[in-house]
2 protein chains.
Amino acid sequence: MATIKDVARLSGVSIKTVSRVVNNMAEVSPETRQKVQQAILELGYQPNNMARSLVNGRTNTIGVIIPHSADYIFTHPFFTEVLRGIAEVLSANNVNLLLHLAHGRTPYANLYTQRQVDGLILMSIPLGDPNLEGLAASGAPCIGTCRIAENDNSIRWVDADFAGGVEQAMEHLISLGHRHIALLTGPKSLVSVRLREQGYRNSLKKNDLPLVDTYILEGSFTSESGHALAIQAMQLPHPPSALVCGDDMMAFGAVQALKELGRRVPEDVSVVGFDDVSLARFSSPPLTTIRQDTYQKGRIAAEALLSFIRGKNDTAPAQIMLDTSLIVRNSTAPAKHQ
Amino acid sequence: MATIKDVARLSGVSIKTVSRVVNNMAEVSPETRQKVQQAILELGYQPNNMARSLVNGRTNTIGVIIPHSADYIFTHPFFTEVLRGIAEVLSANNVNLLLHLAHGRTPYANLYTQRQVDGLILMSIPLGDPNLEGLAASGAPCIGTCRIAENDNSIRWVDADFAGGVEQAMEHLISLGHRHIALLTGPKSLVSVRLREQGYRNSLKKNDLPLVDTYILEGSFTSESGHALAIQAMQLPHPPSALVCGDDMMAFGAVQALKELGRRVPEDVSVVGFDDVSLARFSSPPLTTIRQDTYQKGRIAAEALLSFIRGKNDTAPAQIMLDTSLIVRNSTAPAKHQ
DNA sequence: GTATTTAATGACAACGTTGTCAGTAAACGT
DNA sequence: ACGTTTACTGACAACGTTGTCATTAAATAC
């Protein structure tokens, strides 16, 4: 493979001059530039990025960290949507995307410490992640597409207003006459899950409805879990007339379970999802859900990180909250008179 | 950030000895090793991978190329499944995954030429991709998770038996009494799409059924396209009684369209998908589909590439064909007597 | 016509590692 | 006691770039 020296030799100039041509620096005479470009073309020369990075200390690569099994990540539409936003922005900026699926093992701060990336985007980090200390110590520029601690402003993030979203769903259901509403949550190790529960509690209080502990069911963000929790909810002494689910996958599983139990959705039981995954409108019945703009979340996070790394961080706020909106489809209906 | 020199200074040995300790080489006395490890710990030293790569010429990174818009890639479950397989294998081998979403613009061979990756995995490459020449010229180790040309053995690949898969679907439909079967295909610039059509034609011939040109409808792998093509098919003078779709997304869209047209699935029209995406069994009706093990495709491709790069390529065949299987659910039923 | 600026170029060090090879001291064989 | 092996160690070059600074020649100023 041709190196800068080969080009220098062929065009009869010094390597420094070749470097100047390659990097489009001003102080090169037109004739020399011409000569060098000819040689570059002839040899098919491409600069070696390892060497470049070594001297200027930048890798032109951003690491995306998702501390879950690839299994979970890629079966879940949420991650791919965020990734889509990130990938688009990085690609447009000619920055490489290094995908790091560290489920617990490798301390991901190493990616920065070992100079493999210029910064990190953190997705779906659980509370008390043991890697966070090392991350802070490393000084790696980073941003989360989720909140990482409940009241921590030390790390920047872009995230949806989960509490507000669930409140919207609750208001919708309550206005339809529902009084017995269960919450099917994801793992409470995630701040977003806690915030959803917060929204649920807020709405109950605001509407003078009692908080029934057994109506809060913890699971995981999978259709299987939604399926199991829905059955559990329906076997309660006083089964709820509506289910608010942590995400759309859970909602799909819940709808399936309700059908299997012989309950009609939405006539017998209303179901609300969260995310507005693209398939939500093709499911049957089309799913009422709280839309968060997951794609924008990815875009904004990537843009914020890039501009921070490039030193334009003065203006950008450290934390960015994105709105949610309720999309009413056909999985919710007025409560049956009891 | 601490370098190898700092460690050498602190522990009172040469940098070469530190290097030996870091790389676990044998010829270091226990006491020296102890001393050096102490210093490494104290300074929090991490070797700089740029420098390492520069000298030994390996990046420990594999590039995954998907020449489509991120938009398309990440809304389509197929890609994420392959990625899941790839990511798992690479992660287990401690190899980084560089995601490159080059929709046409950047010649992706550059990733190798510029020494950013040790090899490439190519996904969903269209026929006549202008980057392929450059790729061959670069000598980059690579493998496709799709066939890239119709009769080209120069590039290794792992792919499903699309023709065979469609034949299975056709046999199923024909055995249910269907005689008017339409094929809703993806873009014919993909070899896989042509192979599906080949399977369709094979089955017709084998069963002495006429080939009706208007029954082959070309679109793209999206639910929107499936929706549009299904309407188109149903507006034909002799509408088909069954639709074989290029993938599950198209099938979902087709089912939706049929519902909108007042046709029941499967009573009036049977629909078969392709892929067996995880949501296929939650759709309504649950989708009959041709399963390809997309996840395994990713795993196998990654493993084959790694072992090729590591020089154990003698045994592995250059091309690997994966079986498909028909999963019969509720979107297909006997043809109505006409 | 001389001093001063400007434009273009190259020699060399530096980035942080690993590879090559030579060196030293201890252990061994006879 | 002397040569030979063995175990350990370090000096130095190399990887392919870019940054610093010096050098040269031409252009400009007075």
Side-chain angles (χ1 to χ4, degrees), chain A residues 1-40 43-61 96 110-118 138, chain B residues 1-40 43-61 96 110-118 138:
Chain A
M1 221 162 284
T3 74
I4 200 171
K5 280 185 196 165
D6 300 322
V7 178
R9 197 161 25 237
L10 181 58
S11 50
V13 299
S14 73
I15 56 169
K16 183 63 219 195
T17 299
V18 176
S19 173
R20 279 189 265 255
V21 171
V22 170
N23 292 283
N24 259 309
M25 324 217 80
E27 340 92 315
V28 182
S29 75
E31 312 89 65
T32 314
R33 168 161 282 136
Q34 174 66 34
K35 246 189 333 189
V36 172
Q37 276 165 341
Q38 175 61 32
I40 288 177
L43 295 170
Y45 167 72
Q46 299 260 353
N48 179 323
N49 268 301
M50 296 294 114
R52 279 187 159 175
S53 296
L54 181 57
V55 32
N56 63 27
R58 310 180 97 251
T59 61
N60 224 34
T61 302
N96 296 314
N110 284 5
L111 278 182
Y112 181 74
T113 324
Q114 301 177 349
R115 313 278 38 214
Q116 309 241 60
V117 301
D118 294 334
S138 77
Chain B
M1 220 162 287
T3 73
I4 200 170
K5 281 185 194 165
D6 301 321
V7 177
R9 197 163 23 239
L10 181 59
S11 50
V13 299
S14 73
I15 56 170
K16 182 65 218 193
T17 300
V18 176
S19 173
R20 278 190 265 256
V21 172
V22 170
N23 292 282
N24 259 310
M25 325 218 79
E27 340 91 317
V28 181
S29 77
E31 311 89 67
T32 313
R33 167 161 281 136
Q34 174 66 33
K35 245 189 333 189
V36 173
Q37 276 164 341
Q38 174 61 32
I40 288 176
L43 295 170
Y45 167 72
Q46 300 258 352
N48 178 323
N49 267 302
M50 296 294 115
R52 278 185 160 175
S53 295
L54 181 58
V55 33
N56 63 27
R58 310 180 95 253
T59 61
N60 226 33
T61 301
N96 296 315
N110 285 6
L111 278 183
Y112 180 74
T113 324
Q114 301 178 348
R115 313 279 35 217
Q116 309 241 61
V117 302
D118 294 336
S138 76

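Worth knowing before you read on, the calculation uses all heavy atoms, side chains too, and leaves out hydrogens, waters and symmetry mates. Note on naming: letters A, B, ... go to the chains in the order of the sequence lines (proteins, then strands), and numbering restarts at 1 for each one. This one's a predicted model, so the numbers in the text were calculated from it and none came from an experiment.
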For atom CE of A:Met25 and atom C1' of C:dT9, their distance in whole Å: 14 Å
Whole angstrom value for the distance that separates P of D:dC15 from CG of B:Asn49: 20 Å
Value in whole Å for how far the P atom of C:dG16 lies from CD of A:Gln116: 16 Å
Which nucleotide in D:dT20, D:dC15, C:dT17 has an atom nearest any side-chain atom of A:Lys5: D:dC15
Whole angstrom value for the distance that separates P of C:dG10 from CD1 of A:Ile4: 12 Å
Proximal nucleotide (of D:dC8, D:dT17, C:dT17) relative to the B:Thr32 side chain: D:dC8
Closest listed nucleotide, where the reference is the side chain of A:Ile15 and the choices are D:dT18, C:dT18, D:dC8: D:dT18
Residue pair A:Ile4 / A:Ile15: nearest heavy atoms and the distance that separates them: CD1-O, 3.6 Å
A:Arg52 versus A:Asn23, closest heavy-atom pair with distance: NH2-OD1, 3.5 Å
Residue whose closest nucleotide on DNA chain D lies nearer the 5' end, B:Arg33 versus B:Ala51: B:Arg33
Closest non-hydrogen atom pair between A:Arg33 and A:Met25, with its separation: NH2-O, 2.6 Å
B:Lys16 NZ to D:dG10 P, straight-line distance once rounded to whole Å: 12 Å
Sugar-phosphate, base or nothing in reach of A:Val22, heavy atoms under 4.0 Å: nothing
Sugar-phosphate only, base, or nothing, as touched by B:Asn23 at under 4.0 Å among non-hydrogen atoms: sugar-phosphate
N or O in side chain of B:Asn48 less than 4.0 angstrom from C:dC15 OP1/OP2: no
Rounded distance in Å - CE (B:Met1) to C1' (C:dT17): 16 Å
Value in whole Å for how far the C1' atom of C:dA8 lies from CD of A:Glu31: 10 Å
Among D:dT18, D:dT9, C:dG16, the nucleotide that comes nearest once only the side chain of A:Leu54 is considered: C:dG16
Rounded interatomic separation in angstrom, taking OH from A:Tyr45 and P from D:dG16: 10 Å
N or O in side chain of A:Ser19 less than 4.0 angstrom from D:dT17 OP1/OP2: no
Degree of bending, the helix from C:dG1-D:dC30 to C:dT30-D:dA1 (end axes from five pairs; round to 10°): 40°
Touch class at under 4.0 angstrom, heavy-atom based, for A:Val13 against every strand present: sugar-phosphate
Short side-chain N/O contact from B:Thr17 to OP1 or OP2 of D:dG10, under 4.0 Å: yes
Contact under 4.0 Å: A:Ser29 side-chain N or O vs C:dT9 OP1/OP2: yes
Sugar-phosphate, base or nothing in reach of A:Gln46, heavy atoms under 4.0 Å: sugar-phosphate
5' precedence on DNA chain D between B:Val55 and B:Ala26 (nearest-nucleotide basis): B:Ala26
Nearest non-hydrogen partners of B:Ala8 and B:Ser14, listed with the distance: CB-C, 3.9 Å
Heavy-atom closest contact (A:Thr61 atom, A:Gln116 atom, distance): CB-O, 3.7 Å
Phosphate OP1/OP2 of C:dG19 contacted by B:Asn56 side-chain N/O (<4.0 Å): no
hbond_proxy A:Arg20 side chain to C:dG10 base (donor-acceptor, 3.5 Å cutoff): yes
Minimum-distance nucleotide to B:Glu27 side chain [options: D:dT9, D:dT17, C:dT9]: D:dT9
Heavy-atom closest pair, residues B:Thr32 and B:Val13: CG2-CG1, 3.8 Å
